[in-house]
2 protein chains.
Amino acid sequence: MAATLKDVALAAGVSIKTVSNVINDYQHIRADTKQRVMEAIDELGYSPNLSARSLRSGRTGVIGLAVPELSLSYFAELADAVITAAERRGLKVLIEQTGGGDRARELEILRSPRLQMTDGLLFSPLGMSNEDAHYLDVNFPLVLLGERIFGGPTDHVTMSNVESARAATAHLISKGRRRIAVVGGHRGEVIGSAGLRLRGYQQALEEAGIPFDPALVGHTTFWHRANGATSMRELLESGVEFDAMFGMNDTLALGAMRVLQEAGRRIPDDVAVIGFDDLDEGRYSLPTLSTIDPGRVEIADTAVRVLQERISRRDGDTPPREFEARYQVIERESSALPG
Amino acid sequence: MAATLKDVALAAGVSIKTVSNVINDYQHIRADTKQRVMEAIDELGYSPNLSARSLRSGRTGVIGLAVPELSLSYFAELADAVITAAERRGLKVLIEQTGGGDRARELEILRSPRLQMTDGLLFSPLGMSNEDAHYLDVNFPLVLLGERIFGGPTDHVTMSNVESARAATAHLISKGRRRIAVVGGHRGEVIGSAGLRLRGYQQALEEAGIPFDPALVGHTTFWHRANGATSMRELLESGVEFDAMFGMNDTLALGAMRVLQEAGRRIPDDVAVIGFDDLDEGRYSLPTLSTIDPGRVEIADTAVRVLQERISRRDGDTPPREFEARYQVIERESSALPG
DNA sequence: CGGCAATCCTACAACGTTGTAGACTCGCGG
DNA sequence: CCGCGAGTCTACAACGTTGTAGGATTGCCG
């Protein structure tokens, strides 16, 4: 079986505590004993039992990341960034999938005892709404991601949804467009990605003195490619005129672009398009997709940092903080027109 | 902080072992004591400390999954399937990223302190090659995924690379195509996804009596969208003629399609295209992408099942087994021609 | 009614680690 | 020469759980 401190201690002729001290870089150890211990460790191929260590210390060195589905590119890229950020800080990441917006499963995650293998949780809900905020008041370190809940009882790392959506819309306006369709609206939503981004869209219109036309907003339940396609088909059938489109995320935009092209609309000539998320995919679509980089890497870094602070300080009393990542408009072919 | 067995035992007026027995569904417990214990558990909000449990039992209930990067859609979808399969079996998944084909990092994962808190590892290398097979001979349960190493010392779950690539090529041939370009070749590779799929391609040509023309094979180091684009650009510049293209994966195929369209080639009319992987993305590209479904879900299910068997049986002696998932040709618009 | 098995429960000892308290050496100043 | 602090090491007791062995209590059979 695997060697333990005891075995190493025996081999090196010291107490187990001394071995433990060597491993934990305790200051006052004679150079020669230290070396003897190191040799014994190498020889036996010892490595510490992390279950025992975390039983003793109360820490596992693992954080949980709960996202809807890794098949959704945005969450896959987020998970990538989180794992990378965590690794830099010596943490491992255990990933849970809550399903695409399944509120019940999301609540279950918050209750589940299984999370005990982790020191804290990065939680990105999709089905919960602001009324569920009190469920976030749990007794373990929790950092909230995403735009479903604001003003909750925990730290929160989010995008600048309103501002960046306004910038995206303003970008289309700066290209001379005035009839800007939207794909991905959620009826009646005020916060949540859809609500916030629609607000940004409206703000940009207002600033440009363009009246808001509800007929230009396509609604979808989910934000998959298929929904973007369907929504665009509906817009086209409705006969409403438009010379630009803002996709609430890249996946929607790509699905919608596909339908536009089938319908014979040229992009960007007939319809200028911008998405949201800066997925790798948009870099190689035809045409390449203009988009908003929502600062995914910054979000992941901040979230992991803040969670780690909460874990190590154990300060349940510091009031919850809110962080907004910096965004960036990325112009590609789908909106490249003489400004 | 959190309640322990001791607290519950005190509250219920029984010994801690009895509480433990209730939790573990031990047979011989009087109904009324059981109920008293349950009530105490509910009241105190007790949930078992998993570190202690796994120190005692030697199991953590967590498996590791090491993949190159989650940003690569294939691995994101694989991770999704693995997490889903693991959950069905009561296991959690800790994900480790090795970087896109970084052999040194892959080897390090195998050496790393028992991969921290996991009972076993699903390992999908990209940089290691068959000569590294002996590194897989580790003292923890390990199941190998992917096509980099065959005949190694561990269980191995893989795609039917040769057969399915042959089927993909045969599909193009059945559409009347005879000059079939390939994107994604690795020079000199015999096994590995590129080597195997190229072999399948050649077999299909041979069966159809079409001579193999090396000029039709585009080489790339990586399999990202950009590589597909670059490779296709090179093929076009080389002036070689072709009426079909087999992308060694969907990402390559999509990148290459993009370049073909820019160059004015119609798909599928001028060039019929098929990819490999059945990524969600290909369902919404323009045109939609024909592809091979390599049986990703089956691979994940099998891998998790086999790993769990190795973990629970602890039978280091059963000889390593090899599993091949069933594939399927999926015809979409990019190769839809009168057969 | 004695005895024996089945049932129900408990005390104790691990699992491998680290914090605490303290023992034993030095070297040095008083 | 003693005392003292710094340096080096050790013994012991936890962390929360479960396996083992065995002590009570019951039911049932002869």
Side-chain angles (χ1 to χ4, degrees), chain A residues 1-38 40-41 44-62 113-119 139-140 312 314, chain B residues 1-38 40-41 44-62 113-119 139-140 312 314:
Chain A
M1 277 322 266
T4 71
L5 281 185
K6 207 165 147 188
D7 303 323
V8 177
L10 203 69
V14 296
S15 77
I16 59 170
K17 183 67 221 226
T18 300
V19 181
S20 169
N21 284 338
V22 169
I23 290 165
N24 294 291
D25 271 330
Y26 180 67
Q27 295 273 332
H28 307 300
I29 305 178
R30 274 214 316 270
D32 62 325
T33 44
K34 182 164 180 171
Q35 187 175 346
R36 251 185 316 146
V37 170
M38 298 287 245
I41 287 177
L44 296 173
Y46 168 81
S47 74
N49 178 316
L50 298 183
S51 295
R53 187 176 269 181
S54 67
L55 170 59
R56 199 43 246 234
S57 69
R59 299 276 168 69
T60 63
V62 178
R114 312 269 203 105
L115 268 163
Q116 301 266 332
M117 294 288 301
T118 60
D119 296 335
N139 59 0
F140 53 84
S312 55
R314 287 239 152 264
Chain B
M1 270 331 259
T4 71
L5 282 186
K6 210 165 143 187
D7 303 322
V8 177
L10 204 68
V14 295
S15 76
I16 59 169
K17 184 66 225 233
T18 299
V19 181
S20 168
N21 283 339
V22 169
I23 290 165
N24 294 290
D25 271 330
Y26 180 68
Q27 296 271 334
H28 307 299
I29 305 178
R30 271 211 320 269
D32 61 325
T33 45
K34 181 163 180 173
Q35 186 176 343
R36 251 185 315 147
V37 170
M38 297 289 244
I41 288 177
L44 296 174
Y46 168 81
S47 75
N49 178 314
L50 298 183
S51 297
R53 188 176 267 181
S54 68
L55 169 60
R56 200 44 248 236
S57 70
R59 298 275 168 69
T60 63
V62 178
R114 306 203 353 164
L115 196 68
Q116 317 251 17
M117 312 227 89
T118 59
D119 295 335
N139 60 0
F140 53 84
S312 57
R314 285 240 152 265

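In what follows, every chain begins at residue 1, and chains take the letters A, B, ... in the order their sequences are listed. On a predicted model such as this, the values are computed, not experimentally measured, just so you know.
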Checklist line | Distance, nearest 0.5 Å, that separates CG of A:L50 from CZ of A:R59 | finding: 14.5 Å
Next item on the list: Write down the distance between CE (B:M117) and P (C:dG16), rounded to a whole number of angstrom.
Entry: 14 Å
Next item on the list: Would you check, one step at a time, whether the test side chain to side chain contact (heavy atoms under 4.5 Å, CB included) holds for A:M117 with A:V62?
Entry: CA-CA 7 Å; A:M117 294 288 301; A:V62 178; 5.9 Å; no
Notebook entry, point to check: Rounding to a whole Å, what distance do you find between A:L5:CG and C:dC15:C1'?
Noted result: 12 Å
Check: Hey, mind stepping through A:D25 and A:K34 against side chain to side chain contact (heavy atoms under 4.5 Å, CB included) and telling me if it holds?
Finding: CA-CA 10 Å; A:D25 271 330; A:K34 182 164 180 171; 4.1 Å; yes
Notebook entry, point to check: Tell me: CZ of A:R53 to P of C:dG19, nearest whole Å?
Noted result: 10 Å
Next item on the list: Could you check how far CD of A:Q35 sits from P of D:dT8, rounded to whole Å?
Entry: 15 Å
Checklist line | Of B:A52 and B:G13, the one whose closest DNA chain C nucleotide lies more 5' | finding: B:G13
Item checked: Nearest heavy-atom neighbours spanning B:S54 and B:T60 -> CB-CA, 3.8 Å
Check: Axis-to-axis angle across the helix from C:dC1-D:dG30 to C:dG30-D:dC1, five pairs an end, to 10 degrees?
Finding: 70°
Margin query: Side chain of A:I16, heavy atoms from C-beta onward: which of C:dT10, C:dT17, C:dG16 has the nearest atom to it?
Written below: C:dT17
Check: Separation of B:L44 atom CG from D:dG16 atom P, in whole Å?
Finding: 14 Å
Item checked: Heavy-atom closest pair, residues B:V37 and B:V14 -> CG2-CG2, 4.0 Å
Margin query: Please report the interatomic distance CE(A:M38) to CD1(A:I23), rounded to the nearest 0.5 Å.
Written below: 9.5 Å
Note to self: Please give me every residue in residues 17-33 of chain B whose heavy atoms get under 4.0 Å of an atom in DNA chain D, ordered by residue number.
What the structure shows: B:K17, B:S20, B:N24
Notebook entry, point to check: To the nearest Å, how far apart are B:N49 CG and C:dG16 P?
Noted result: 17 Å
Next item on the list: Take A:N49 and A:T4 through the side chain to side chain contact (heavy atoms under 4.5 Å, CB included) test and state the conclusion after the steps.
Entry: CA-CA 8 Å; A:N49 178 316; A:T4 71; over 6 Å; no
Notebook entry, point to check: Do A:Y46 and A:L5 have side chains that get closer than 4.5 Å, going by heavy atoms?
Noted result: yes
Notebook entry, point to check: In terms of side-chain heavy atoms of A:S15, which of D:dA11, D:dG16, C:dG16 is nearest?
Noted result: D:dA11
Next item on the list: Search all heavy atoms of B:S51 against all heavy atoms of A:L55 and return the closest pair with its distance.
Entry: CB-N, 3.8 Å
Margin query: Can you measure A:L50 atom CG to D:dC15 atom P for me and round it to whole angstrom units?
Written below: 21 Å
Item checked: A:R56 vs D:dA14: side-chain N/O to OP1/OP2 distance below 4.0 Å -> no
Notebook entry, point to check: Between A:L55 (CG) and C:dG19 (P), how many Å, whole number?
Noted result: 13 Å
